[in-house]
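Here's the structure, in structure tokens; my notes come after.
As the structure is a prediction and not an experimental result, all values here were calculated from the model. What you see below is based on every heavy atom in this structure, not just the backbone, and it leaves out hydrogens, waters and symmetry mates.
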Amino acid sequence: MPKLESFNSRPLLLISLLWTISFSTHDIGAINTKNFDFKEAPKFYNSPTCPSLHNSSTDTNITQICFQNAVNVAMTLDAAYLRGSMAAILSVLQHSSCPENVIFHFVASSSANIHYLNLKLATSFPYLHFTIYPFRDSPVAGLISTSIRAALDCPLNYARNYLADLLPRCIQKVVYLDSDLVLVDDITKLAATPLGEEAVLAAPEYCNANFTTYFTPTFWSNPSLSLTFANRKPCYFNTGVMVIDLERWRDGDYTTKIVEWMELQKRMRIYELGSLPPFLLVFAGNIAPVDHKWNQHGLGGDNFRGLCRDLHPGPVSLLHWSGKGKPWVRLDASRPCPLDALWAPYDLLQTPYVLES
């Protein structure tokens, strides 16, 4: 792994100039990393007790995708948030007892430079098992209603709705992760979450949140809509960390159910907050529980100001900078929140002021 070198006697003016040019950005939530390089991560090895990774398909076209004993992880991938994705990947591998058994499935916009994304991943993680799936976002864009924050309206935010269609059918269960988080525990434990006899997905629930605020008065005043939650005890859950049974999802055609709510939203505004409410409408009250330690979310602050947040009480297995503020942006701007220091060790960006002697 490349070593961090001191400034030595290099001109500080040059360093200052490099910093000013490279870190100019118009988007507080994302930085353009196209001109940056990422360091190579160390290779992580399985512990002796890890099960062998056997191929689970006889189809030679998918022999590098479908494995028994694999932990399948799905994430979206784009250039703007690539720095966050790199940190998340590193954290998963570093804390996994069986890192060689972790298979990554990345969903990228079909209009993105997939060759560039593939190159950056392969350079930083030469031994990583991964596949990038193109996602046609133009049909989805027509279903999206404007929300309280423009970043939430990106079509790629809705790719999680289509994982069951994008990933090979031999993959029955996947852990979905956002790009603005890091794990400090073994993902194998999260992947092993029991879904019971009927649940399609598992996630930490937050039943102390005011569930009614996620939908408009128009929704609650219409009995044919509000009765959606009859015989259910709906609670808020964050869709940035989920364990999904893709086989049950396909059998229940849940993508269509989510799309139907999005189509209704275009006709009559029933919610305000991006891709989350359709998930709540379909699944809230019918999900398998996950310990709150697996999604210490909200560390990015609220959606308007991005104020600093503290951890929720209790143990921590995953830190999630959901909300407006992202740790890499605040660190670069020298305005970090205290918890951003926990993200920094996973940052693989080769910053321009790190000069070789």
Side-chain angles (χ1 to χ4, degrees), residues 30-34 36-41 44 53 61-67 70-94 96 99-138 140 151 154-183 187 190-191 239-244 246 249 255 275 318 320-321 326 328 346-349:
I31 257 184
N32 182 2
T33 57
K34 287 190 175 181
F36 294 153
D37 291 320
F38 294 90
K39 295 174 285 188
E40 181 179 331
F44 300 96
L53 194 65
N61 293 322
I62 53 176
T63 54
Q64 300 304 312
I65 300 175
C66 300
F67 294 94
V71 174
N72 291 290
V73 178
M75 300 176 66
T76 57
L77 194 67
D78 66 355
Y81 284 86
L82 183 57
R83 187 174 173 186
S85 300
M86 290 284 200
I89 297 165
L90 176 58
S91 73
V92 169
L93 297 176
Q94 182 171 321
S96 175
E100 295 175 276
N101 289 10
V102 181
I103 312 295
F104 284 88
H105 306 270
F106 298 109
V107 180
S109 170
S110 56
S111 61
N113 187 340
I114 293 179
H115 173 73
Y116 164 82
L117 297 172
N118 188 86
L119 179 63
K120 292 299 181 182
L121 286 172
T123 301
S124 290
F125 301 99
Y127 307 102
L128 193 69
H129 295 285
F130 74 91
T131 303
I132 299 178
Y133 305 83
F135 174 61
R136 290 183 63 248
D137 51 12
S138 53
V140 180
C154 172
L156 200 57
N157 284 343
Y158 293 79
R160 72 196 82 186
N161 301 356
Y162 300 88
L163 290 176
D165 301 321
L166 292 167
L167 273 58
R169 296 187 70 86
C170 60
I171 298 174
Q172 299 180 356
K173 189 178 183 182
V174 70
V175 177
Y176 175 83
L177 299 175
D178 273 352
S179 297
D180 53 356
L181 54 77
V182 294
L183 277 76
I187 195 170
L190 177 60
T239 53
V241 179
M242 297 184 290
V243 181
I244 306 174
L246 296 178
W249 184 294
T255 296
S275 62
L318 184 152
H320 186 186
W321 279 263
K326 304 305 174 189
W328 55 90
Y346 302 97
D347 187 10
L348 287 175
L349 188 68

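- Checked by atom type and distance alone, the side chain of Ser91 pairs as donor or acceptor with a backbone atom of Ala88 at under 3.5 Å.
- Smallest separation of non-hydrogen atoms from Gly240 and Leu181: O-CD2, 3.9 Å.
- Tyr133 places none of its side-chain heavy atoms less than 4.5 Å from the side chain of Leu163.
- Side chain of Thr76 to main chain of Val107: no donor-acceptor pair is present (N/O by atom type, distance under 3.5 Å, no hydrogens or angles).
- Counting heavy atoms from C-beta on, the side chains of Leu177 and Leu318 come closer than 4.5 Å.
- The shortest non-hydrogen separation linking Arg83 to Phe38 is CA-CE2, 3.9 Å.
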Stepwise side-chain contact (heavy atoms from CB on, under 4.5 Å) check, Leu121 with Leu77: CA-CA 10 Å; Leu121 286 172; Leu77 194 67; 3.5 Å; yes

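- Looking at Lys326, its side chain does come within 3.5 Å of a backbone N or O of Trp321 through a donor-acceptor pair.
- Using bins of under 30°, 30° to 60° and over 60° for the plane-to-plane angle, the ring pair His129/Phe67 lands in the tilted bin.
- Residues Asp178 and Val241 fail the side-chain proximity criterion, which asks for heavy atoms closer than 4.5 Å.
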Which is it for Phe130 and Ile89 under the side-chain contact (heavy atoms from CB on, under 4.5 Å) test, yes or no, and what are the steps along the way? CA-CA 11 Å; Phe130 74 91; Ile89 297 165; over 6 Å; no

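- Between Leu128 and Leu93 the shortest side-chain heavy-atom distance falls below 4.5 Å.
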